[in-house]
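Some notes on the structure that comes next.
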Amino acid sequence: MATNPAFATSTGGFFVARGAKPLDCPPAGRDEQLQRELWQATADFLQGVRRSRR
């Protein structure tokens, strides 16, 4: 999909692996609090990775 011109205007979403049929975002993915928590957990993890490589 990353190189398929048919998806040039797509900025994200969920798709079937074969055939690239669009899927609805699952309810958990629409939960703004959960999104913020995931963002923070990812940022914290990456900070730890960055520190361990110094």
Side-chain angles (χ1 to χ4, degrees):
M1 289 180 62
T3 60
N4 186 331
F7 297 96
T9 59
S10 180
T11 60
F14 294 89
F15 299 88
V16 175
R18 295 190 186 270
K21 177 183 173 190
L23 296 171
D24 290 331
C25 179
R30 295 187 297 265
D31 183 317
E32 290 186 23
Q33 179 63 33
L34 188 57
Q35 292 170 4
R36 284 191 290 277
E37 291 173 13
L38 177 57
W39 181 271
Q40 190 59 54
T42 301
D44 293 346
F45 172 76
L46 292 175
Q47 275 294 84
V49 170
R50 193 170 172 210
R51 280 190 209 113
S52 70
R53 291 187 178 199
R54 290 182 181 174

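Each residue takes its place number in the sequence, starting with 1.
- Taken to the nearest 0.5 Å, the CG atom of Leu46 stands 11.0 Å off from the CZ atom of Arg51.
- The side chain to side chain donor-acceptor pair (under 3.5 Å) search around Gln40 returns Asp44, not counting sequence neighbours.
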- Hey, mind stepping through Met1 and Phe15 against side-chain contact (heavy atoms from CB on, under 4.5 Å) and telling me if it holds? CA-CA 10 Å; Met1 289 180 62; Phe15 299 88; 3.4 Å; yes

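- With sequence neighbours excluded, no residue satisfies side chain to side chain donor-acceptor pair (under 3.5 Å) with Arg50.
- Once rounded to the nearest 0.5 Å, the distance linking OG1 of Thr42 with CD of Gln47 reads 12.5 Å.
- Atom CG of Asp24 sits in a sparse spot, with 12 or fewer heavy atoms from other residues, nucleotides or ligands closer than 6.0 Å.
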